[in-house]
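Keep in mind that the numbers below use all heavy atoms, side chains included, and drop hydrogens, waters and symmetry copies. Numbering of residues begins at 1 and proceeds along the displayed sequence.
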Amino acid sequence: MHRFNRRAALAAMLGLVLPACTTPSPTLRFPQITFVHLPPLRLDAASLEIVDAFKPSFASPNVEHLMPVSPAAAARRWARDRILPVGNAGRIVFTIEHAGVFETQLEPAKGVRGVVTKDQSERYDAALKLRMSIDGGDGRRQGEVSAEATRSRTVLEGLSLNKREEMWFRLTEELMGDINAELESAIRQFLQPFLVPRP
């Protein structure tokens, strides 16, 4: 009887302790990366088609599929928010050619410094390549622009998953800031005949 009670008490203690040890960290919620605060680029075409030509590998060293907002998802949102077809004919084709994020393991410091300091353990290289073509539908007017942007970030060893996801989110945000500026500039410079002023 005494032996049974000891086991019961031990089981009760484990029942109290184990859940506390295995409770996961609260999952962060990230906002959408949108561009509705910017004026749309009104183009003389009847439709917009978004083509995702980038096929993620879903395997290391690529990590874009693990990110809260992938570059490809942000690029699709950019096209929907910023490109506004207002014409009666023709088509705009917005193509995501590349939208990968690559993880590289970094070598730790050696010797005493490696023992007493935290090192940068991984580097994340993000690259986004987009192309946009437009056909006015009249057999005469056609145009095309493209834009590329790259960003890199490193992280300290032992970084929590929540902090890593926050860094990934900021990486996509910065990448899209670069691509937004480059694409808008290219459209205004090279697709000027297709731009329709606001009424």
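- Closest heavy-atom contact between Thr150 and Ala127: CG2-CB, 4.0 Å.
- Here the CD-CG distance, from Glu166 to Leu159, works out to 9.0 Å after rounding to the nearest 0.5 Å.
- A donor-acceptor contact shorter than 3.5 Å links the side chain of Thr172 to the backbone of Val69.
- Looking only at side-chain heavy atoms (C-beta outward), Arg151 and Pro71 stay at 4.5 Å or farther from each other.
- Salt-bridge formation is detected for the pair Arg91/Glu49: a Lys NZ or Arg NE/NH1/NH2 atom is positioned less than 4.0 Å from an Asp or Glu carboxylate oxygen.
- Of all non-hydrogen atoms in Asp52 and Ala72, the two that sit nearest each other are OD2-CB, 4.1 Å.
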inquiry  = Between Arg153 and Arg123, is the side chain to side chain contact (heavy atoms under 4.5 Å, CB included) condition met? List the steps.
reply    = CA-CA 6 Å; Arg153 278 203 177 200; Arg123 185 182 73 245; over 6 Å; no
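- Classification of the Phe94-Trp78 ring pair by plane angle, with boundaries at 30° and 60°, yields parallel.
- Summarising the local packing, CD of Glu107 is surrounded by 12 or fewer heavy atoms from other residues, nucleotides or ligands at distances under 6.0 Å.
- Two residues are said to be in side-chain contact when any heavy atoms from C-beta on lie closer than 4.5 Å; Asp44 and Arg141 meet this criterion.
- Separation of atoms CG (Leu41) and CG (Asp81) is listed at 11.5 Å; rounding is to 0.5 Å.
- Remark: His65 NE2 to Ser70 OG distance equals 11.0 Å, nearest 0.5 Å.
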message = For a side chain to side chain contact (heavy atoms under 4.5 Å, CB included) check, start with the C-alpha distance between Glu122 and Gln120, then their side-chain angles and the critical distance, and finish with the verdict.
response = CA-CA 6 Å; Glu122 291 94 22; Gln120 300 291 319; over 6 Å; no
query = Are Phe35 and Arg80 close enough, and set up right, to give a side chain to side chain contact (heavy atoms under 4.5 Å, CB included), and what steps lead you there?
reply = CA-CA 9 Å; Phe35 304 88; Arg80 290 193 296 267; over 6 Å; no
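- Both Tyr124 and Leu66 belong to a single network of hydrophobic side chains, linked directly or stepwise wherever heavy atoms of I, L, V, M, F, W or Y lie under 4.5 Å apart.
- Between the CZ atom in Arg188 and the CG atom in Leu195 there is a gap of 6.0 Å [rounded to 0.5 Å].
- Note on residues 189-199: no pairs pass side-chain hydrogen bond (donor to acceptor under 3.5 Å, both in side chains), not counting sequence neighbours.
- Put simply, the side chain of Asp178 never gets that close to the backbone of Ala181: no donor and acceptor are under 3.5 Å apart.
- Here the shortest heavy-atom pairing between Gly100 and Asn62 reads CA-ND2, 4.4 Å.
- Put simply, the side chain of Phe102 reaches to within 4.5 Å of the side chain of Thr104, judged on heavy atoms.
- The backbone N or O of Ala59 lies less than 3.5 Å from a partner atom in the side chain of Ser57, making a donor-acceptor pair.
- To the nearest 0.5 Å, atom CG of residue Leu161 and atom NZ of residue Lys163 are 12.0 Å apart.
- With hydrophobic clusters built from ILVMFWY side chains whose heavy atoms lie under 4.5 angstrom apart, Val196 does not share a cluster with Leu48.
- Between the side chains of Ser152 and Asp125, at least one donor N or O lies within less than 3.5 Å of an accepting N or O.
- For the pair Ile187/Ile83, a side-chain contact is recorded, criterion being any heavy-atom separation below 4.5 Å from C-beta on.
- Here the side chains of Pro85 and Leu43 are not in contact, with every heavy-atom distance at 4.5 Å or above.
- Between Glu173 and Trp168 there is no side-chain heavy-atom pair separated by less than 4.5 Å.
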ask   = Which is it for Glu184 and Arg82 under the side chain to side chain contact (heavy atoms under 4.5 Å, CB included) test, yes or no, and what are the steps along the way?
value = CA-CA 9 Å; Glu184 180 168 356; Arg82 298 233 55 199; 2.6 Å; yes
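- For the residue pair Glu64 and Pro56, the shortest heavy atom distance occurs at OE2-CB, 3.5 Å.
- The backbone N or O of Ser121 sits nowhere less than 3.5 Å from a side-chain atom of Asp119 that would complete a donor-acceptor pair.
- Atom CZ of residue Phe194 and atom CD of residue Gln142 lie 7.5 Å apart, to the nearest 0.5 angstrom.
- Criterion: ILVMFWY side-chain heavy atoms under 4.5 Å apart, direct or through other members. Under it, Leu191 and Ile50 are part of a common hydrophobic cluster.
- Val86 and Ile134 sit in two unconnected hydrophobic clusters of ILVMFWY residues. Membership requires side-chain heavy atoms under 4.5 Å apart, directly or through other members.
- The closest side-chain heavy-atom distance from Phe169 to Met67 is not below 4.5 Å.
- You'll find the side chain of Leu130 stays beyond 4.5 Å of the side chain of Thr95, heavy atoms only.
- Both Ile33 and Leu183 are part of a single hydrophobic cluster, where members link through side-chain heavy atoms under 4.5 Å apart.
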Residues Glu174, Arg170; criterion salt bridge (charged side-chain N to carboxylate O under 4.0 Å, His left out); working and verdict = CA-CA 6 Å; Glu174 292 165 0; Arg170 299 302 172 203; over 6 Å; no
